[in-house]
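All remarks here apply to the structure that follows.
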Amino acid sequence: MKVNTQSVNFNADDKLINFLQNRLDKVETFYSKVISSDVYMKVENTSAKENKIVEIKITVPKDKFVVKKQCKSFEEAVDSACNSLERRLIKQKQKIRLHA
(Lines give C-alpha, C1' and ligand atoms only; values in the text may rest on other atoms or scores of the structure.)
Protein backbone atom coordinates (compact mmCIF):
# COMPACT_ATOMS: atom_id res chain seq x y z
CA MET A 1 0.00 0.00 0.00
CA LYS A 2 1.24 3.49 -0.84
CA VAL A 3 1.49 5.67 2.25
CA ASN A 4 1.56 9.46 1.86
CA THR A 5 3.37 11.00 4.83
CA GLN A 6 3.69 14.59 5.92
CA SER A 7 5.75 15.72 8.89
CA VAL A 8 4.97 19.13 10.36
CA ASN A 9 7.55 21.10 12.40
CA PHE A 10 10.25 18.41 11.99
CA ASN A 11 11.96 16.16 9.44
CA ALA A 12 11.03 12.47 9.69
CA ASP A 13 13.98 10.09 9.40
CA ASP A 14 13.99 6.94 7.26
CA LYS A 15 13.60 4.61 10.27
CA LEU A 16 10.32 6.29 11.25
CA ILE A 17 9.01 6.20 7.67
CA ASN A 18 9.93 2.50 7.34
CA PHE A 19 8.27 1.70 10.69
CA LEU A 20 5.14 3.51 9.56
CA GLN A 21 5.09 1.69 6.20
CA ASN A 22 5.54 -1.74 7.85
CA ARG A 23 2.85 -1.06 10.46
CA LEU A 24 0.32 0.09 7.84
CA ASP A 25 1.12 -2.94 5.68
CA LYS A 26 0.02 -5.07 8.66
CA VAL A 27 -3.24 -3.09 8.84
CA GLU A 28 -3.88 -3.95 5.20
CA THR A 29 -3.97 -7.67 6.08
CA PHE A 30 -7.21 -7.02 7.98
CA TYR A 31 -8.94 -5.24 5.09
CA SER A 32 -7.52 -5.73 1.60
CA LYS A 33 -9.56 -3.07 -0.22
CA VAL A 34 -7.65 -0.05 1.10
CA ILE A 35 -7.46 2.61 -1.62
CA SER A 36 -5.07 5.10 -0.03
CA SER A 37 -3.61 6.18 3.27
CA ASP A 38 -2.40 9.58 4.44
CA VAL A 39 -0.34 10.11 7.60
CA TYR A 40 0.25 13.48 9.24
CA MET A 41 2.87 13.66 11.99
CA LYS A 42 3.10 16.80 14.08
CA VAL A 43 5.14 18.03 17.02
CA GLU A 44 3.23 20.35 19.33
CA ASN A 45 5.16 23.21 20.90
CA THR A 46 4.25 22.49 24.51
CA SER A 47 6.21 21.54 27.60
CA ALA A 48 4.19 18.32 28.00
CA LYS A 49 5.99 15.05 27.23
CA GLU A 50 3.09 13.77 25.10
CA ASN A 51 3.58 16.27 22.29
CA LYS A 52 3.81 13.92 19.27
CA ILE A 53 0.59 13.71 17.24
CA VAL A 54 -0.12 11.16 14.51
CA GLU A 55 -3.21 11.38 12.34
CA ILE A 56 -3.93 8.53 9.91
CA LYS A 57 -6.60 8.73 7.20
CA ILE A 58 -7.45 5.52 5.36
CA THR A 59 -9.77 5.49 2.36
CA VAL A 60 -11.71 2.33 1.53
CA PRO A 61 -14.54 1.94 -0.99
CA LYS A 62 -17.52 4.09 0.12
CA ASP A 63 -15.89 5.10 3.42
CA LYS A 64 -13.02 6.92 5.17
CA PHE A 65 -11.48 6.25 8.56
CA VAL A 66 -9.57 8.89 10.51
CA VAL A 67 -7.66 8.16 13.71
CA LYS A 68 -5.70 10.75 15.69
CA LYS A 69 -3.41 9.80 18.58
CA GLN A 70 -1.09 11.82 20.83
CA CYS A 71 1.77 10.07 22.67
CA LYS A 72 5.33 10.45 23.94
CA SER A 73 6.89 9.03 20.75
CA PHE A 74 5.81 8.73 17.14
CA GLU A 75 6.26 4.96 17.19
CA GLU A 76 3.89 4.63 20.14
CA ALA A 77 1.34 6.93 18.49
CA VAL A 78 1.53 5.05 15.16
CA ASP A 79 1.11 1.71 16.94
CA SER A 80 -1.88 2.94 18.94
CA ALA A 81 -3.53 4.50 15.87
CA CYS A 82 -3.00 1.34 13.80
CA ASN A 83 -4.56 -0.80 16.54
CA SER A 84 -7.63 1.44 16.46
CA LEU A 85 -7.75 1.27 12.67
CA GLU A 86 -7.52 -2.52 12.74
CA ARG A 87 -10.54 -2.73 15.04
CA ARG A 88 -12.54 -0.32 12.87
CA LEU A 89 -11.63 -2.12 9.64
CA ILE A 90 -12.61 -5.50 11.12
CA LYS A 91 -15.99 -4.02 12.13
CA GLN A 92 -16.42 -2.61 8.62
CA LYS A 93 -15.59 -5.97 7.06
CA GLN A 94 -18.13 -7.73 9.28
CA LYS A 95 -20.76 -5.15 8.40
CA ILE A 96 -20.20 -5.76 4.69
CA ARG A 97 -20.41 -9.54 5.17
CA LEU A 98 -23.73 -9.23 7.03
CA HIS A 99 -25.28 -7.11 4.28
CA ALA A 100 -23.99 -9.28 1.43
Side-chain angles (χ1 to χ4, degrees):
M1 163 179 28
K2 175 77 173 102
V3 179
N4 300 319
T5 55
Q6 288 186 351
S7 50
V8 181
N9 297 337
F10 77 104
N11 291 330
D13 64 338
D14 289 336
K15 280 199 288 188
L16 180 60
I17 300 295
N18 289 336
F19 175 78
L20 183 66
Q21 180 71 48
N22 290 337
R23 192 62 181 90
L24 282 171
D25 285 342
K26 287 180 187 174
V27 169
E28 195 176 21
T29 62
F30 291 94
Y31 196 89
S32 59
K33 297 176 183 171
V34 175
I35 297 170
S36 68
S37 60
D38 300 315
V39 179
Y40 304 99
M41 296 181 285
K42 303 171 195 166
V43 177
E44 247 184 12
N45 291 333
T46 62
S47 60
K49 289 185 179 180
E50 293 190 355
N51 65 343
K52 315 291 192 290
I53 300 171
V54 172
E55 185 176 333
I56 302 176
K57 295 180 183 179
I58 288 192
T59 307
V60 297
K62 300 181 184 178
D63 215 347
K64 280 186 182 174
F65 297 103
V66 180
V67 175
K68 187 175 184 180
K69 296 289 180 180
Q70 184 169 352
C71 294
K72 293 178 190 171
S73 70
F74 284 111
E75 289 82 0
E76 186 180 353
V78 166
D79 209 33
S80 178
C82 285
N83 287 337
S84 295
L85 277 171
E86 286 169 1
R87 285 193 301 276
R88 290 178 71 182
L89 289 172
I90 288 169
K91 281 183 185 177
Q92 177 72 11
K93 198 173 185 178
Q94 288 172 344
K95 229 188 256 185
I96 290 171
R97 282 187 181 158
L98 287 175
H99 294 293

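For CG of N18, the number of neighbouring non-hydrogen atoms (other residues, nucleotides, ligands) closer than 6.0 Å is greater than 12.
Considering all non-hydrogen atoms of both residues, V54 and A77 come closest at CG2-CB, 3.6 Å. The shortest heavy-atom contact between L16 and A12 is CD2-CB, 4.1 Å. Nearest approach of S37 to I58, heavy atoms of both residues: CB-CG1, 4.0 Å. Among all heavy-atom pairs drawn from V60 and I35, the shortest one is C-CD1, 3.8 Å.
With hydrogens and angles disregarded, a donor-acceptor distance shorter than 3.5 Å links the side chain of K93 to the backbone of F30. Between the T29 side chain and the K26 main chain, a donor and an acceptor come within less than 3.5 Å of each other. Remark: the backbone N or O of V43 is paired with a side-chain donor or acceptor of N9 at under 3.5 angstrom. In terms of modelled atom types and a separation under 3.5 Å, the side chain of Q70 and the main chain of E50 share a donor-acceptor contact.
A salt bridge links R23 with E86: the closest approach of a Lys/Arg side-chain nitrogen to an acidic carboxylate oxygen falls below 4.0 angstrom.
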Exercise for review: Run the numbers on K68 and Y40 for side-chain contact (heavy atoms from CB on, under 4.5 Å), then give the verdict.
Suggested key: CA-CA 9 Å; K68 187 175 184 180; Y40 304 99; over 6 Å; no
Exercise for review: Just do the side-chain contact (heavy atoms from CB on, under 4.5 Å) check on M41 and I17 with the steps written out, would you?
Suggested key: CA-CA 11 Å; M41 296 181 285; I17 300 295; 4.3 Å; yes
Check your understanding: Would Y31 and I96 count as a side-chain contact (heavy atoms from CB on, under 4.5 Å) if you check the C-alpha gap in whole Å, the side-chain angles of each, and the deciding distance to 0.1 Å?
Key -> CA-CA 11 Å; Y31 196 89; I96 290 171; 3.2 Å; yes
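Both V3 and L89 belong to a common hydrophobic cluster when Ile, Leu, Val, Met, Phe, Trp and Tyr are linked at side-chain heavy-atom distances under 4.5 angstrom.
Ring centroid separation for the pair F74 and F10 comes in under the 6.0 Å cut-off.
None of Q6, K42, K69 except one satisfies the side-chain contact (heavy atoms from CB on, under 4.5 Å) rule with E55; the exception is K42.
How far SG of C82 is from CD1 of I56: 4.0 Å, rounded to the nearest 0.5 Å.
D63 meets the side chain to side chain donor-acceptor pair (under 3.5 Å) test with no other residue; sequence neighbours excluded.
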